[in-house]
Number of protein chains: 4
Amino acid sequence: MTPRTKEQNEAIRTRRIGQILRAAAETYVLKGINMEMRDIAAAADLGYGTVYHYYKNKYDLLSDLLNMALDEAEKMGLNYLSQGSSVKAYGIALLGRWRKDPSLFVLYKLACEHFRELPEPEAAVFRERFRQGVITPLAEALGTITKDPRSDESAFLIIAGLVGCAGLSVYRRSADMNEQEIAILLLGSF
Amino acid sequence: MTPRTKEQNEAIRTRRIGQILRAAAETYVLKGINMEMRDIAAAADLGYGTVYHYYKNKYDLLSDLLNMALDEAEKMGLNYLSQGSSVKAYGIALLGRWRKDPSLFVLYKLACEHFRELPEPEAAVFRERFRQGVITPLAEALGTITKDPRSDESAFLIIAGLVGCAGLSVYRRSADMNEQEIAILLLGSF
Amino acid sequence: MTPRTKEQNEAIRTRRIGQILRAAAETYVLKGINMEMRDIAAAADLGYGTVYHYYKNKYDLLSDLLNMALDEAEKMGLNYLSQGSSVKAYGIALLGRWRKDPSLFVLYKLACEHFRELPEPEAAVFRERFRQGVITPLAEALGTITKDPRSDESAFLIIAGLVGCAGLSVYRRSADMNEQEIAILLLGSF
Amino acid sequence: MTPRTKEQNEAIRTRRIGQILRAAAETYVLKGINMEMRDIAAAADLGYGTVYHYYKNKYDLLSDLLNMALDEAEKMGLNYLSQGSSVKAYGIALLGRWRKDPSLFVLYKLACEHFRELPEPEAAVFRERFRQGVITPLAEALGTITKDPRSDESAFLIIAGLVGCAGLSVYRRSADMNEQEIAILLLGSF
DNA sequence: GATGAATGAGACTTCATTCAT
DNA sequence: CATGAATGAAGTCTCATTCAT
């Protein structure tokens, strides 16, 4: 009855969404928040109507991008921080992932700017989720679990320093990031 | 009705331009590159037509902002780096200035993103001026003057790391920046 | 897999077209001219590609709807007006039909607005057919057959009044229309 | 100091809003809910950017139009119904006003369709205000104040009948409405 | 016959910029 | 000098329509 089966359609949808999200992350790196839907569609090799077939609007797309990335980010915390692995190893892993997956970099970048370029009701949600899923686990690994409300601050500073440094090569779109040097600069003491 | 003297007019102009530039920097910190001329005018407590009385257009204004800031940045290099003062002192001085003067922070922030959100012919000019006026002096102070074309990289990494960290409090618009902790994290070895 | 017979296919087509036309009329009542093809398909419980399997485009569908309704409307005129039946009975019959068949109501409604929301070349055709097939027969029954070019006006006024009143319950989608009261109000003198 | 005084600006704004509302009502009569902002701007002899200078969007404009018209409609109720004036006089007055002021006709027209073409949260507000400000006063004048929840129904039927009839000439954009004949048809018994 | 993924024309809306006062 | 009304280029987004399966 159905000319394409439900499964076929689902497969198409999954693939397209992947294409679009990847394209959006690349476009963000290139143009910043002013990226246009046309750019994203072109980067994904799709008509721009198609992007709207999958996402209601620009911020809906960005939202999905960030939520996916947050899933990844939380997983990394679990893998590297809760199982006795060192903070240094975690930092180096982050640098590697950012280089290979722009969407993950975009998440950390926006987080360091407190998601200030996003429309507000949503921004607050991301701020909170990022803090709980990424910052706090790192803070705990740093052994700085005091009841001081600024206890997360050090963890955030490390992330922000790494993001700042990594940005230099990400925005230059050069394949080689000076990961060794960044690690020495920022993670030498861990 | 009574016409103003030339001097009075000049004084007004100077004050207005200061108002506008400060407002623009604050607005950039708040909203990013998508800041609107209306926002800037409102932040400067001026009618929005007035901004155009002083600046031909948005990028003209941004240009002036960045050029002013570059003048300052170059002066800082001369003061702290060429006269035997330490890299650490320079870094701490930067943090202090960024906290007090948003326009200086904006310059360094855009520089770390290679001015990618600016229209291109102009962006290249800023990239070059920033490299020559800020990065290279720091690289020289670091004693890394080799003929390696990547010799400036380490200097840029330090700046980028500092900007990333400083951004945390700048974007939060909190008066207190954790300058001590940032200095230990990034400048400990100098 | 087993191919269907010609008769089976024909039966399917007929049923589908009925589904679609009914759905279109209901959707028009609900949303007005801005009804979407998706809405119609959903109301007909069909995939939205399917509607295009039967109708080339939106106005082709609307055209078919109105032509079918016009056939009905003309038949009603013949039944109630040419055979000595009273104007009042005709009016009451109209109210009953509109309540049960949205597509008939849609026709009269659009007619009272001179089909102004339809694309123009086509609108004129409907205006003319409605006048000849519905208005003039009623005008003749009213005994107002003068050569006065405005002789149809009274007939049209009665129809428009009835449509206005009937709309109250049709748009409210309530099953019970106050047919008695409407008849007294508008048809009392006939 | 101010190049145009506050009063001058206010005068301009008032005039422009009048222009725009008038143009919007005329355009609605011509094209229905699918009227375009371009059409409205053109009809008002303004650039379409100007319309957005005064109204955030299409439904904001329509909202203002309807609220203004509701003010008028409520005033008419007070003038004709609460002071012993007859229902018939009220009906005839309505016909006259609709002919001269399209925005008033648009209000009654949309009301008879229960504002179904407006976005829903807002539509409900208009439904309620129209009922309280227009229908109920008429119902009371009709002396049909029973506790029957359908007591307003007769009043609404009269309005709907008048709107249906008046529409014939309004949509035809003919200057002469057959007010006498409509009055005899619908208001003869009052 | 039936479906929904894909698409772009065209409408909606924003916002930098001009201009009259 | 100062202002805000006026404007349209350039984005955003909707939705009728096409098309592969």
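Just so you know, these numbers use all the heavy atoms, side chains as well, and skip hydrogens, waters and symmetry mates. A, B, ... follow the sequence lines: proteins, then strands. Residue 1 opens every chain.
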Inset, instruction - Assign each of Leu46(D) and Tyr59(C) to its nearest nucleotide of DNA chain F by heavy atoms, then name whichever residue's nucleotide is nearer the 5' end. - result: Leu46(D)
Legend entry - Residue-level proximity of residues 18-28 of chain C to DNA chain E when a heavy atom falls under 4.0 Å: none
Legend entry - Thr50(D) side, atom OG1; Ile20(D) side, atom CD1 - distance, nearest 0.5 Å: 7.0 Å
Inset, instruction - Nearest 0.5 Å please: distance from the CZ atom of Phe115(D) over to the CD atom of Glu120(D). - result: 11.0 Å
Inset, instruction - Name the closest nucleotide to the Tyr54(B) side chain, picking from dC1(F), dT7(F), dT21(E). - result: dC1(F)
Legend entry - Donor-acceptor contact below 3.5 Å, side chain Asn67(A) vs main chain Ser63(A): yes
Inset, instruction - For DNA chain E, produce a single dot-bracket line, 5' to 3'. Pairs: Watson-Crick or G-U wobble, both distances under 3.5 Å. Symbols: ( ) within strand, [ ] crossing, | other strand, . unpaired. - result: .||||||||||||||||||||
Legend entry - Thr14(B) side chain to Glu10(B) backbone, donor-acceptor under 3.5 Å: yes
Inset, instruction - Indicate whether OP1 or OP2 belonging to dA2(F) is found under 4.0 Å from a side-chain N or O atom of His53(B). - result: no
Legend entry - Contact under 4.0 Å: Arg13(A) side-chain N or O vs dA5(E) OP1/OP2: yes
Legend entry - Short side-chain to backbone donor-acceptor contact, Asp64(A) and Leu61(A), under 3.5 Å: no
Inset, instruction - Run the salt-bridge test on Arg129(C) and Asp71(C) with the 4.0 Å N-O cut-off and return the result as yes or no. - result: yes
Inset, instruction - For a salt bridge (charged side-chain N to carboxylate O under 4.0 Å, His left out) with Glu113(D), tell me which candidate from Arg173(C), Lys109(C), Lys31(C) qualifies. - result: Lys109(C)
Inset, instruction - Keeping the roles fixed (side chain from Asp60(D), backbone from Lys56(D)), state whether a donor-acceptor pair exists under 3.5 Å. - result: yes
Legend entry - Side-chain N,O (Arg16(A)) to OP1/OP2 (dA5(E)) below 4.0 Å: no
Legend entry - Cationic N near anionic O, under 4.0 Å, Glu122(D) to Arg127(D): no
Give me, pair by pair, the N or O atoms of the protein and of nucleotides 9-12 of chain E that are less than 3.5 Å apart, along with how far apart they are.
from, atom 1, to, atom 2, distance (Å)
dA9(E), N7, Tyr48(A), OH, 3.1
dA9(E), N6, Tyr48(A), OH, 3.2
dA11(E), OP1, Glu36(D), OE2, 3.4
dA11(E), O5', Glu36(D), OE1, 3.4
dA11(E), O5', Glu36(D), OE2, 3.3
dC12(E), OP1, Lys58(D), NZ, 2.9
dC12(E), OP2, Met37(D), N, 3.4

Inset, instruction - Ignoring hydrogens and angles, state whether a donor on the side chain of Arg38(B) or Tyr48(B) is under 3.5 Å from an acceptor on the partner side chain. - result: yes
Legend entry - Arg116(D), CZ: over 12 other non-hydrogen atoms inside 6.0 angstrom: yes
